[in-house]
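Here is the structure we will look at, set down as structure tokens.
Reminder, nothing fancy here: chain letters follow the sequence lines and each chain counts from 1.
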Number of protein chains: 2
Amino acid sequence: MSKCDQCIVRQFNSLKHLSKEDLMRMSNCKTSKIIKKGEPIFEEGDYLNGVYCIKDGVCKISKMSENGKNQIINIIKRGDLIGERSLISEEVSNLNAIALEDMEVCFIPRDEIVRDLEKNPAFTMDILKTMASSLKNSDNLIVDMAQKSVKQRLAETLLKLQTKFGVNEIGAIDIQLSREDIANIIGTATESAIRLLSEFKKNKSIGFKGKNIIIINKNDLEKIANGF
Amino acid sequence: MSKCDQCIVRQFNSLKHLSKEDLMRMSNCKTSKIIKKGEPIFEEGDYLNGVYCIKDGVCKISKMSENGKNQIINIIKRGDLIGERSLISEEVSNLNAIALEDMEVCFIPRDEIVRDLEKNPAFTMDILKTMASSLKNSDNLIVDMAQKSVKQRLAETLLKLQTKFGVNEIGAIDIQLSREDIANIIGTATESAIRLLSEFKKNKSIGFKGKNIIIINKNDLEKIANGF
DNA sequence: TAGAAAATGTGACAAAAATCATATTTTATT
DNA sequence: AATAAAATATGATTTTTGTCACATTTTCTA
């Protein structure tokens with residue numbers, strides 16, 4: 001069993017505020033899991049009863065609309081914590097978390113962490129800060145979804161993805177998403193996403209190399225994203 | 001100066017967890033304000049430095065998109081607390097709060113409340129719960145905005161408004177919104193909102209009486225909202 | 001490695017929604 | 001009460017986006 005107090009990943013999320021003793025205790029009750037690409041960490045309707053600390057890999061957080069279409073709300077990476085809301089209210093999850101690549105995650109049971117919420121103000125404050133920041137992000141996303149065109153949203157999404165995941169050896173956005181995933185992030189039909197990507201490529205704003213997307217002209221995309 | 005510990009409105013929000021002493025202290029530092037219809041409580045770019053407790057009236061929380069269009073994210077009513085995020089992070093507001101009718105609000109300075117955040121776990125937990133619930137709402141709204149048609153969103157919005165604000169003496173949704181406000185809630189052009197309202201009226205799903213909107217056939221609207 | 005399945009790409013068309021123009025009604029102001 | 005201003009309404013048109021059909025390429029699997 002690996003030791004939480006020696007885990008680097010912890011430094012990136014609220015767990016960094018826990019004491020050495022708390023972490024030791026956590027090491028004893030946490031469970032590590034390997035999640036294969038395409039498999040869920042959890043799904044809509046599941047009782048989470050704890051949080052997941054992402055040790056490695058990337059997953060998409062999504063939700064089905066009443067129309068039967070899938071919407072990706074967020075993409076989560078190494079170091080992030082998911083399922084915090086299960087600590088606060090005991091409802092079932094309204095979201096899916098599906099691995100976009102092979103992942104290594106640690107599950108920490110609710111009861112173990114709730115104690116810290118009650119006793120460790122620095123930890124609680126950090127959770128609050130994370131939530132406040134998510135809320136701000138969500139507000140922005142609502143406005144974008146409601147007011148921006150699909151083309152604007154695609155340009156913005158490409159820029160955001162590059163900011164969040166950086167570029168790989170060949171200068172491409174360092175995350176593998178299918179065209180369908182991209183469509184589900186911007187909230188459009190897969191065909192529309194493909195068409196616009198082709199258009200961006202034709203205009204030399206982006207380029208493809210295998211599955212990779214390379215942003216060639218960032219300025220172009222910024223202009224499009226802001227409505228010019 | 002009115003006494004916070006005798007204020008009924010407090011019962012509806014996180015402030016209900018404060019002790020009598022805390023409330024006495026709060027009474028001494030809070031300021032009451034009358035906000036006229038159409039005037040802002042705060043605007044994008046303002047430093048809030050505290051929270052507002054809505055004693056009476058209704059306001060819209062909105063945000064400008066980069067396209068220059070206005071999006072209403074939420075509608076706040078008596079008993080709600082707004083500006084909680086200013087307690088947690090010291091950035092400027094990214095949102096506007098504009099009165100939809102004459103309002104009475106109390107401003108409680110940040111420093112006064114932050115103490116309670118540090119010392120009163122029940123209060124902190126309640127803020128956390130409120131945020132968790134807002135976050136869930138936001139997730140749902142993102143999915144709706146991204147995946148539902150304008151018609152679906154309008155039907156859903158009318159139903160939500162009735163649930164939230166109830167009906168008045170004549171059976172109409174008990175909130176006064178301009179057509180433009182409605183359009184800004186669902187994220188569409190004012191003309192489109194008007195056209196769809198007319199369509200709903202023609203189909204006898206809703207009726208108008210002066211400025212009032214009456215839901216005649218709830219079932220119809222539910223069907224439309226869910227995509228049938 | 002052949003064949004099936006899935007993902008990507010493109011065209012044609014339909015539907016949804018935005019925009020612009022203008023008319024009518026309501027509300028505010030003097 | 002008369003006028004101006006704002007809000008509401010509707011038509012015509014254009015733009016955006018979705019849908020369906022199908023071709024091609026890539027990936028998976030036996």
| When all nucleic acid strands are considered with a 4.0 Å heavy-atom cut-off, which category describes B:T190: base, sugar-phosphate, or nothing? | nothing
| said: Both B:R153 and A:R195 contact DNA chain C. Taking the nearest nucleotide for each, which residue is further toward the 5' end? | reply: A:R195
| request: Hey, could you give me the CG/CD distance between B:N96 and B:Q71, rounded to the nearest 0.5 Å? | output: 12.0 Å
| said: Nearest whole Å is fine: how far is C:dA23 P from B:I194 CD1? | reply: 17 Å
| request: Flag the pair B:R179 and B:E191 as a salt bridge only when some basic side-chain nitrogen lies within less than 4.0 angstrom of an acidic carboxylate oxygen. | output: no
| said: Strictly below 4.0 Å, N to O, side chains only: are A:E66 and B:K148 in salt-bridge contact? | reply: yes
| request: In plain terms, say whether B:R110 and B:E90 are close enough for a salt bridge, that is, a side-chain N and a carboxylate O under 4.0 Å apart. | output: yes
| said: Please determine whether the number of non-hydrogen atoms from other residues, nucleotides or ligands lying under 6.0 Å from atom CZ of A:F208 exceeds 12. | reply: yes
| task | Can you tell me the distance, in whole Å, between the CG atom of B:L154 and the P atom of C:dA18? | result | 12 Å
| query | Do any side-chain nitrogens or oxygens of B:K151 fall under 4.0 Å of OP1 or OP2 in C:dA17? | reply | no
| query | Which sits closer to the 5' end of DNA chain D, B:R179 or A:A189, going by the nucleotide each is nearest to? | reply | B:R179
| request: Output yes when a side-chain donor or acceptor of A:D220 lies under 3.5 Å from a complementary backbone atom of A:N217, and no otherwise. | output: no
| query | What nucleotide, of C:dA7, C:dT27, C:dT19, holds the atom closest to the side chain of A:K211? | reply | C:dA7
| Out of C:dT19, C:dG9, C:dA17, whichever nucleotide has its closest atom nearest the side chain of B:S149 | C:dA17
| field | Partner residues of A:S178 under the side chain to side chain contact (heavy atoms under 4.5 Å, CB included) criterion, sequence neighbours left out | value | A:E180, A:D181
| Leading and trailing nucleotides of DNA chain D with any atom under 4.0 Å from heavy atoms of chain A | D:dT17 to D:dT27
| task | Select from A:V150 and A:E191 the residue whose nearest nucleotide in DNA chain D is closer to the 5' end of that strand. | result | A:V150
| Nearest-angstrom distance from the residue atom CD1 of B:I224 to P of C:dA16 | 12 Å
| Phosphate oxygens OP1/OP2 of C:dA18: is one of them under 4.0 Å from a side-chain N or O of B:S192? | yes
| task | Measure from CD1 on B:I186 to C1' on C:dA16 and round the result to the nearest Å. | result | 13 Å
| query | In whole angstroms, how far is the C1' atom of C:dT8 from the CG atom of A:L177? | reply | 15 Å
| said: If we check salt bridge (Lys or Arg N to Asp or Glu O under 4.0 Å) with B:E104, which of these qualifies: B:K33, B:K36, B:K55, B:R78? | reply: B:K55
| message | From NZ of B:K209 over to C1' of C:dT25, roughly how many Å is that when rounded to an integer? | response | 19 Å
| note | Taking five pairs at each terminus, the helix from C:dT1-D:dA30 to C:dT30-D:dA1 shows an axis bend, to 10°, of 50°
| Can you check side-chain hydrogen bond (donor to acceptor under 3.5 Å, both in side chains) on A:E156 and A:N226, steps first, answer last? | CA-CA 8 Å; A:E156 192 171 35; A:N226 293 316; over 6 Å; no
| query | Whole Å only: how far is the CG atom of A:D181 from the P atom of C:dA7? | reply | 9 Å
| said: Applying side-chain hydrogen bond (donor to acceptor under 3.5 Å, both in side chains) to B:K63 and B:N70, what does each step give before you reach the verdict? | reply: CA-CA 6 Å; B:K63 183 169 159 51; B:N70 207 31; over 6 Å; no
| Could you give the CG-to-C1' distance, from B:L196 to C:dA16, as a whole number of Å? | 10 Å
